[in-house]
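These notes are about the structure you will find just below.
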Amino acid sequence: MIKTTVSNAYQLNKFLKEKYGKRLKTDSFAVTEGRVSGSLDSKRFNISFKGDEYLLISTSRNTSEILDELLPTLTEVMGGQKPICSYDVKSNRLKEFLSTIEWDIVAPEKRIKDIVNNRAYSDGGIKIHNLKLYNSKTIEDYKESAQEKEERIKNARIYGIDQGCCDPEEIKNLSELDLYFQIDAMSAYLWRCHHEMDHGRIEQIDLTEEQYAFEYMVYQTTKFGVEIPEPRLDKHITVTPSYHAWHQFYSNHFKSLSTEEWNAFQEAYRNGEDISEYMPTGSWKNLSDQQPKQKTFK
């Protein structure tokens with residue numbers, strides 16, 4: 001089995017700095033998200049990386065020549081495995097095309113098929129152009145037949161609809177406040193696991209079921225007036241300004257309580273007592289116009 005020569009974004013960042021010295025400048029915060037983001041000779045690039053699985057590097061199409069220099073280095077990082085493909089990508093949010101190269105050492109055939117059939121990105125606004133494969137096959141070899149598509153749709157799991165590891169009946173019966181706390185707890189758990197895995201502090205674990213559960217719970221906020229587009233096949237649910245406003249309304253309030261207030265609230269809440277004095281005032285809907293543009297879960 002092919003193995004990458006480094007295990008996480010921290011190690012990759014260190015490796016590239018040793019390789020390119022002062023020519024390379026990187027963002028120290030990006031590595032906490034599993035990325036190496038920065039510039040080589042003032043030419044910007046972004047790398048998404050997961051040890052022993054995949055690597056994706058993108059740069060502006062106007063500076064795509066740095067990919068030629070980084071290609072052999074990143075191929076070395078990926079255990080000598082050559083890239084699976086390259087392409088230009090553009091979304092509704094991007095003003096320019098990004099030139100991209102991908103490696104995948106776990107399921108390259110599946111990844112290529114997802115790219116060819118427009119399932120590679122959760123953001124439905126992303127379009128791929130000038131796709132080039134690095135194997136002996138053609139793009140036509142990966143196009144999904146009508147029968148394959150029908151079979152996939154029939155057996156599909158859809159984010160926001162599939163409950164993952166949670167109990168759907170329990171979640172559906174939660175109050176608005178209880179749903180917020182469940183979402184907040186699952187979000188913290190997912191972030192903590194990814195953070196610890198990226199730092200190499202814990203073994204890699206599969207969080208697929210937890211991610212489905214999280215997005216299922218987020219979509220349940222629609223019954224409280226949150227506006228989220230209907231879930232779609234092959235796409236993560238969209239995080240809208242409406243959802244941001246709803247979540248921050250509760251988050252900003254409860255995370256600003258003092259320790260004494262928080263403990264008093266928890267005790268009253270557990271005992272079924274009046275908690276009105278601990279609740280936020282006003283409406284989350286007043287915040288929705290101040291929220292950032294919508295995005296999708298990764």
Side-chain angles (χ1 to χ4, degrees), residues 1-91 94 96-116 119-121 126-142 194 197-200 204 298:
M1 179 179 177
I2 297 171
K3 294 281 188 179
T4 55
T5 59
V6 294
S7 301
N8 52 53
Y10 284 93
Q11 294 176 5
L12 177 59
N13 188 56
K14 181 181 178 182
F15 174 78
L16 293 176
K17 282 190 170 183
E18 291 173 350
K19 178 81 174 178
Y20 296 102
K22 293 181 179 180
R23 296 175 59 200
L24 183 77
K25 298 185 185 305
T26 58
D27 176 2
S28 58
F29 179 75
V31 294
T32 66
E33 300 178 329
R35 298 184 297 114
V36 177
S37 182
S39 61
L40 181 66
D41 297 335
S42 301
K43 296 168 185 175
R44 298 287 305 174
F45 68 87
N46 186 72
I47 297 173
S48 296
F49 174 69
K50 188 171 184 181
D52 298 329
E53 292 192 28
Y54 64 80
L55 186 149
L56 181 153
I57 180 170
S58 293
T59 186
S60 168
R61 193 161 62 177
N62 296 328
T63 56
S64 60
E65 63 271 13
I66 69 167
L67 296 181
D68 294 332
E69 180 168 358
L70 288 167
L71 181 61
T73 300
L74 297 178
T75 298
E76 177 187 344
V77 168
M78 298 305 288
Q81 186 80 350
K82 67 181 181 181
I84 59 170
C85 65
S86 64
Y87 52 84
D88 294 330
V89 63
K90 194 173 188 297
S91 76
L94 296 172
E96 60 181 351
F97 282 92
L98 294 180
S99 293
T100 302
I101 300 178
E102 285 201 33
W103 285 258
D104 190 309
I105 59 177
V106 174
E109 292 291 296
K110 180 182 182 303
R111 180 60 181 173
I112 294 174
K113 192 160 189 173
D114 285 343
I115 292 170
V116 170
R119 299 196 300 268
Y121 291 94
I126 287 181
K127 303 299 180 185
I128 288 175
H129 304 264
N130 304 321
L131 176 61
K132 175 186 175 182
L133 304 185
Y134 283 72
N135 58 22
S136 59
K137 295 184 180 180
T138 68
I139 292 173
E140 288 297 321
D141 293 329
Y142 292 96
H194 284 299
M197 286 190 292
D198 288 341
H199 283 70
Q204 294 292 319
K298 294 182 180 179

Non-neighbouring partners of S64 that pass side chain to side chain donor-acceptor pair (under 3.5 Å), sequence neighbours left out: none
Gap between atom CG of N8 and atom CD of Q11 - 0.5 Å precision: 4.5 Å
Smallest separation among heavy atoms of M78 and T4, with atom names: SD-CG2, 3.7 Å
Pairing residues for D41 by the salt bridge (charged side-chain N to carboxylate O under 4.0 Å, His left out) criterion, not counting sequence neighbours: R23
Salt bridge (Lys or Arg N to Asp or Glu O under 4.0 Å) contacts touching residues 53-64 (sequence neighbours left out): K50-E53, R61-D88
Minimum-distance pair of heavy atoms, taken over all atoms of Q81 and T75: O-CG2, 3.5 Å
K14 side chain reached by V6 side chain, heavy atoms, under 4.5 Å: no
Heavy-atom side-chain contact between R44 and S37 under 4.5 Å: yes
S86 side chain to I101 backbone, donor-acceptor under 3.5 Å: no
Over all atoms of both residues, closest heavy-atom pair of I128 and L131: CG2-CB, 4.4 Å
Nearest-0.5 Å distance, CG of residue L12 to NZ of residue K17: 11.5 Å
Contact summary for E76 and T5, nearest pair of heavy atoms: O-CG2, 3.3 Å
CG on L40 to OG1 on T26, rounded to 0.5 Å: 11.0 Å
Contact summary for E96 and K90, nearest pair of heavy atoms: O-CG, 4.1 Å
Those residues that, when tested against S58, pass side chain to side chain donor-acceptor pair (under 3.5 Å) (two or more places apart): T100
For I84 against P108, the heavy-atom pair lying closest together: CG2-CB, 3.6 Å
Approximate separation, where rounding is to 0.5 Å, of S60 OG and N46 CG: 13.0 Å
Rounded distance [0.5 Å steps], NZ in K82 versus OH in Y134: 10.0 Å
Side chain to side chain contact (heavy atoms under 4.5 Å, CB included) partner of I47, the single match among L56, T59, I57: I57
Pairs where residues 1-39 contributes a residue and the test ring-ring contact (aromatic ring centres under 6.0 Å, His included) is met, not counting sequence neighbours: Y10-H199
Spacing of K25 atom NZ and S42 atom OG [to the nearest 0.5 Å]: 7.5 Å
Summary of ring-ring contact (aromatic ring centres under 6.0 Å, His included) pairs that have at least one residue in residues 34-91, sequence neighbours excluded: none
Worked check of side chain to side chain contact (heavy atoms under 4.5 Å, CB included) between I112 and N135: CA-CA 10 Å; I112 294 174; N135 58 22; 3.7 Å; yes
From CA spacing to verdict: side chain to side chain contact (heavy atoms under 4.5 Å, CB included), L133, Y142: CA-CA 11 Å; L133 304 185; Y142 292 96; 3.7 Å; yes
